[in-house]
Structures are given as structure tokens and as C-alpha cells.
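This report concerns only the one structure given below.
A, B, ... follow the sequence lines: proteins, then strands. Residue 1 opens every chain.
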2 protein chains.
Amino acid sequence: MRDSQAAEARPYHHGDLRRALIDAASRLLEAEGPSALSLRAVAREAGVSPAAPYHHFKDKGELLEAVAGEGWTLLDGAIAKARAEAATPADALDEIGVAYVCFARENPAIYRVMYDTARDKEAFPDGMEGNEDSAYCKVRDTFIDAGANPNEVQELELSTTAAWCSAHGLAEMANFKQFQHLKDALGGETAFFRAVFKRLGLAAIRAQD
Amino acid sequence: MRDSQAAEARPYHHGDLRRALIDAASRLLEAEGPSALSLRAVAREAGVSPAAPYHHFKDKGELLEAVAGEGWTLLDGAIAKARAEAATPADALDEIGVAYVCFARENPAIYRVMYDTARDKEAFPDGMEGNEDSAYCKVRDTFIDAGANPNEVQELELSTTAAWCSAHGLAEMANFKQFQHLKDALGGETAFFRAVFKRLGLAAIRAQD
DNA sequence: TGAGCTATCTTAGCGTCGTTCAGATAACAA
DNA sequence: TTGTTATCTGAACGACGCTAAGATAGCTCA
């Protein structure tokens with residue numbers, strides 16, 4: 001029941017309604033879940049009429065795209081942080097994987113919106129290879145750091161893709177009840193993630209040659 | 001614009017409306033996509049009033065659960081077939097993975113409903129370890145066939161989980177535009193799937209000891 | 001200052017949706 | 001034949017996405 005950004009700087013009519021709507025959507029998303037997110041509810045949360053958002057977004061999908069965009073930025077940051085903090089490039093691969101899944105677990109609703117919009121567009125929204133700041137490129141470069149041959153482009157892309165798919169799959173299923181006993185046995189969710197990645201070829205590049 | 005099951009055997013009021021609704025939903029799902037699937041549209045397709053489905057399903061979610069259940073049965077069958085046709089147990093691991101992703105690509109809407117309902121329930125709907133016919137158990141047993149130690153239960157579960165997560169991730173991203181050039185370079189989508197799985201630890205169990 | 005312009009926001013409304021409820025209908029049991 | 005019960009319909013409610021017409025208020029430039 002808070003009035004969100006409504007009480008802040010208000011240069012003219014509402015202030016930066018676009019910003020306020022994205023924030024309101026993110027807030028509602030994590031609070032109530034993706035199914036409860038209606039454009040009307042976002043407008044209510046931001047304190048404007050149901051029609052107001054249409055002056056800033058073509059439709060509901062475009063608002064969700066904006067929310068997803070913020071999510072990708074956050075995810076890129078989490079991955080960069082994990083990579084920077086890892087002791088060795090080889091460790092970095094595992095740490096990036098864990099950071100990825102942890103991000104998805106901590107922001108489940110936004111993570112879901114990120115992939116819902118990606119599915120609709122049938123593409124990663126940050127461009128992947130086209131954008132050197134993208135999370136994909138960070139993972140790819142970490143493979144190079146860990147010893148992959150940067151000239152074998154196709155091998156490199158396949159390894160990066162394989163790693164990404166594993167992390168996404170784990171992120172989507174991490175909260176399934178069937179895995180609870182494994183988390184308990186291994187001493188926590190993060191340990192479970194680590195153990196799964198250990199069974200995977202994230203490290204295969206190291207044994208390649 | 002076909003009248004679906006409406007013209008078949010009709011023991012009393014409508015006939016087997018429950019069956020007709022599930023079929024109508026599956027048909028609409030693949031034809032129009034998940035976002036276009038409304039309970040009212042399903043009722044229309046089946047030729048009944050919007051309120052009729054409520055005598056067979058508690059709500060829309062329960063109908064989707066039934067559709068998802070049929071999907072899991074189909075997927076289990078596809079996996080069993082791939083396992084049976086593989087030349088060696090080691091091949092079977094790769095073939096199951098390819099069959100899994102191909103199923104998802106051929107039935108994208110139903111596949112999505114399968115995981116949407118799974119997410120809502122935070123669990124695999126077929127019970128996994130609890131159900132020896134489940135796809136999960138088939139994969140796990142294939143690891144045993146391929147040389148995994150059946151007594152190291154935890155290792156076995158982690159490997160199976162890792163493989164499953166990879167396949168799901170690939171299934172969700174297989175149609176992203178960014179992968180088109182890899183599919184072209186490798187000579188088709190199936191070859192792309194095979195190449196990704198090759199980079200993964202699906203085979204790790206073979207090199208374990 | 002003030003007139004006009006334009007972006008912004010509101011009010012009202014359309015069609016659709018999920019869901020409920022009272023009542024009609026038809027198979028079946030006695 | 002009468003009653004019981006499962007099944008289906010019609011009408012309705014509130015919420016939704018979205019649109020159109022009009023009100024409002026900040027900005028520009030005389």
C-alpha cells in the first residue's frame with residue numbers, strides 16, 4: 001500500500017511515469033507472481049489511470065520487455081561479479097554457473113519474464129555475440145581464459161551454448177520438490193548447484209586437448 | 001472449423017466431454033499457441049457452453065494439468081523408443097537427449113504447458129523416482145546401463161539431473177535466432193542438438209572410473 | 001505575460017476472459 | 001412412471017487488455 005515513486009521529484013504531470021511503471025511492475029512481479037501482473041494493477045500501484053501506461057508502452061508486452069531488460073542487466077552484473085571474484089578461470093566457469101542459478105532463484109518472477117519475452121522474440125534480447133557486454137560473451141570469454149582455443153569458434157560457441165542451457169535448465173527446476181533430499185544431503189541449495197555443474201561438461205573444455 | 005469429437009459416439013448428453021475438452025485444448029494449443037488458449041475457446045471448439053467444462057475440471061488450471069499429463073506420457077514414450085533403438089547404452093544417452101529436444105520442438109505449446117504446470121506445482125508431475133515408468137527413471141537406468149555404479153545413488157541422481165537440465169535448457173532455447181548459423185554450419189537442427197550434447201557431460205559417467 | 005502547441009493523463013467504453021449460480025435437460029434406477 | 005442424479009445452458013459478475021475522445025498542464029515563443 002505504499003505510493004511508490006509518486007512522492008518523489010515530479011517535473012510535470014506525473015514525473016517519470018515510465019520509470020515508475022517499470023519499478024511498479026518489478027515490485028508486483030516478485031510480490032504477487034507473474035500471473036497476478038496486470039497492466040491495470042501496475043497502473044494502480046503507480047497511482048495512475050489504467051490508460052496512462054499506453055502513453056509510454058505500446059502494450060503490456062512492451063512493458064514486460066522493459067522489465068526483462070532490467071533483469072538481463074542485473075544478470076549480466078551478477079555474472080561479471082562472479083567471474084571477477086573467481087580465483088582461477090577454471091573456477092570462474094563454475095562460479096558463473098552458480099551465480100546464474102542463484103540469480104534466477106532470488107528473482108524467480110523476473111527471470112521467468114526474461115525468458116517468456118525471449119521465447120516470444122525467439123532470441124536472446126541482449127544480442128549475444130553482437131553485444132560484447134552480454135552475459136553470453138562473458139561466459140564465452142571465460143572459456144577462452146580457461147584454455148579453450150579462441151580460433152575454434154564453433155567449438156567455443158557449442159561449449160558456451162551447452163553451459164548456458166545447463167544453467168537455464170537447472171534454474172528452472174531448482175525448486176522442484178524432487179530435489180529437496182539432494183539439497184539436504186549436500187548441505188544446501190548452492191552446494192546442490194555446484195554438484196550438478198560438476199557432473200556436467202562445464203569443465204570439459206579443460207580436458208579437451 | 002471442424003466439429004471435433006462432437007459427431008462421434010454420444011452415450012448421453014455430450015458424450016465423453018472430458019476427453020473432447022482435452023483434445024480440443026491440445027489442438028488449439030498447437031494451432032494458436034498457449035496465449036490464445038482460453039477455457040471459453042476450448043468450450044467453443046468442443047461445441048459446448050462456456051460453463052460446461054466446470055463439470056469436468058475444477059478450473060482452467062486443472063484442464064491444463066490434464067493436457068500436460070498427456071504430454072508427459074508422449075514424452076515418456078519418445079524417450080523409451082530412443083533408448084530401445086540405440087545401438088549401445090552409451091549411444092542411448094545421446095539419443096534420448098536428442099529425442100527429448102525433438103519432442104519439445106515438435107510440440108512446443110504442449111511442452112510449455114508441461115513445464116508451466118510443473119513450475120506451479122514445483123515438481124515433476126510424474127513423480128520421478130517414485131514412478132519407475134517416468135522419463136527420469138529411464139534416463140537414470142540408461143546411465144546404469146552405460147556403466148554408472150547403481151550403488152552410488154547420489155552420483156547417479158546428480159548425473160541424471162544434470163542431463164535433464166541440459167536437455168530442458170536446450171529445448172527452451174533451440175529456436176533462438178542466435179543459433180541459426182550453428183544449425184546451418186552443422187547441417188540441421190538435430191545435428192546441432194547432438195553437437196551440444198557432445199560438449200556436455202552426458203558422457204561423463206563413462207569416463208568416471 | 002499570455003497564446004498556442006504538444007505531451008501527458010483521465011473518463012468512458014468495447015469485447016473477452018474466468019468463474020459462479022440457478023435452472024433446464026436427459027440418462028438411469030426404482 | 002416417478003424421482004434422482006449427472007450433465008449442460010443462460011445469464012451474470014468483476015477483471016482484464018486496449019481504444020477513442022476529451023481534459024490538463026508544462027513548454028515555446030511572441
Side-chain angles (χ1 to χ4, degrees), chain A residues 1 3-25 27-29 31-68 109 113 116-117 120, chain B residues 3-25 27-29 31-68 109 112-113 116-117 120:
Chain A
M1 198 47 90
D3 54 359
S4 98
Q5 273 71 8
E8 292 181 9
R10 185 172 308 184
Y12 45 96
H13 288 178
H14 174 99
D16 192 349
L17 182 54
R18 183 188 159 86
R19 178 75 262 147
L21 288 168
I22 294 175
D23 291 345
R27 218 175 311 130
L28 280 175
L29 216 40
E32 317 279 347
S35 64
L37 188 92
S38 68
L39 241 183
R40 295 176 105 103
V42 172
R44 272 194 301 272
E45 173 84 3
V48 294
S49 80
Y54 288 91
H55 292 271
H56 300 273
F57 302 98
K58 182 168 67 61
D59 54 20
K60 184 183 178 182
E62 203 170 274
L63 170 59
L64 288 180
E65 274 182 41
V67 173
V113 169
D116 282 348
T117 63
D120 289 347
Chain B
D3 54 358
S4 98
Q5 273 70 8
E8 294 180 6
R10 187 173 303 186
Y12 45 97
H13 289 179
H14 174 100
D16 192 348
L17 181 55
R18 183 187 159 86
R19 180 75 261 150
L21 289 169
I22 294 175
D23 291 346
R27 220 175 310 133
L28 280 174
L29 216 40
E32 318 278 347
S35 65
L37 189 93
S38 68
L39 240 183
R40 294 177 104 104
V42 172
R44 273 195 300 272
E45 172 86 4
V48 294
S49 81
Y54 287 90
H55 292 272
H56 299 273
F57 302 97
K58 182 168 69 56
D59 53 20
K60 184 183 178 183
E62 203 170 274
L63 170 58
L64 289 180
E65 275 183 41
V67 172
R112 188 154 168 190
V113 169
D116 282 348
T117 63
D120 289 346

Give the nucleotide from the list C/dT19, C/dT10, D/dC8 with an atom nearest to the side chain of B/L39. C/dT19
For a quick check of understanding: with a heavy-atom distance under 4.0 Å over all strands, which category does A/S38 fall into, base, sugar-phosphate or nothing? sugar-phosphate
Atom CG in A/L28, atom CG in A/D23: separation rounded to 0.5 Å? 11.0 Å
Using whole Å, report how far CZ of A/R19 lies from C1' of C/dT8. 19 Å
Heavy atoms only, 4.0 Å cut-off, all strands: where does B/R44 land among base, sugar-phosphate and nothing? sugar-phosphate
Without decimals, in angstroms, what is the distance between B/L21 CG and D/dT7 C1'? 12 Å
With the side chain counted from C-beta on, respond yes when A/D116 and B/R112 share a heavy-atom pair under 4.5 Å apart, and no when they do not. yes
Verify the contact: side-chain N or O of A/R40 to OP1 or OP2 of C/dC17, cut-off strictly under 4.0 Å; return yes or no. no
Nearest to the side chain of B/Y54, heavy atoms from C-beta on, is which of D/dC16, C/dC17, C/dT20? C/dT20
For residues A/H56 and A/R18, report the shortest heavy-atom separation together with the two atoms involved. O-NH1, 3.6 Å
Return the set of residues passing side chain to side chain contact (heavy atoms under 4.5 Å, CB included) with A/A51 (not counting sequence neighbours), or none when no residue passes. A/S49
Between A/D16 (CG) and C/dA7 (P), how many Å, whole number? 17 Å
Nearest whole angstrom, please: distance from the C1' of D/dC16 to the CD of A/E32. 16 Å
Sorted by number, residues from residues 55-64 of chain B placing a heavy atom under 4.0 Å from DNA chain C are B/D59, B/K60
Winner on side-chain proximity to A/A51, out of D/dG10, D/dC16, D/dT19, is D/dT19
Return a table of donor-acceptor pairs under 3.5 angstrom between the side chains of residues 32-44 of chain B and protein atoms on other chains or two or more places apart.
| from | atom 1 | to | atom 2 | distance (Å) |
| --- | --- | --- | --- | --- |
| B/S38 | OG | B/A41 | N | 2.9 |

Considering the options B/T117, B/I22, B/L21, which one meets the side-chain contact (heavy atoms from CB on, under 4.5 Å) requirement together with B/V67? B/I22
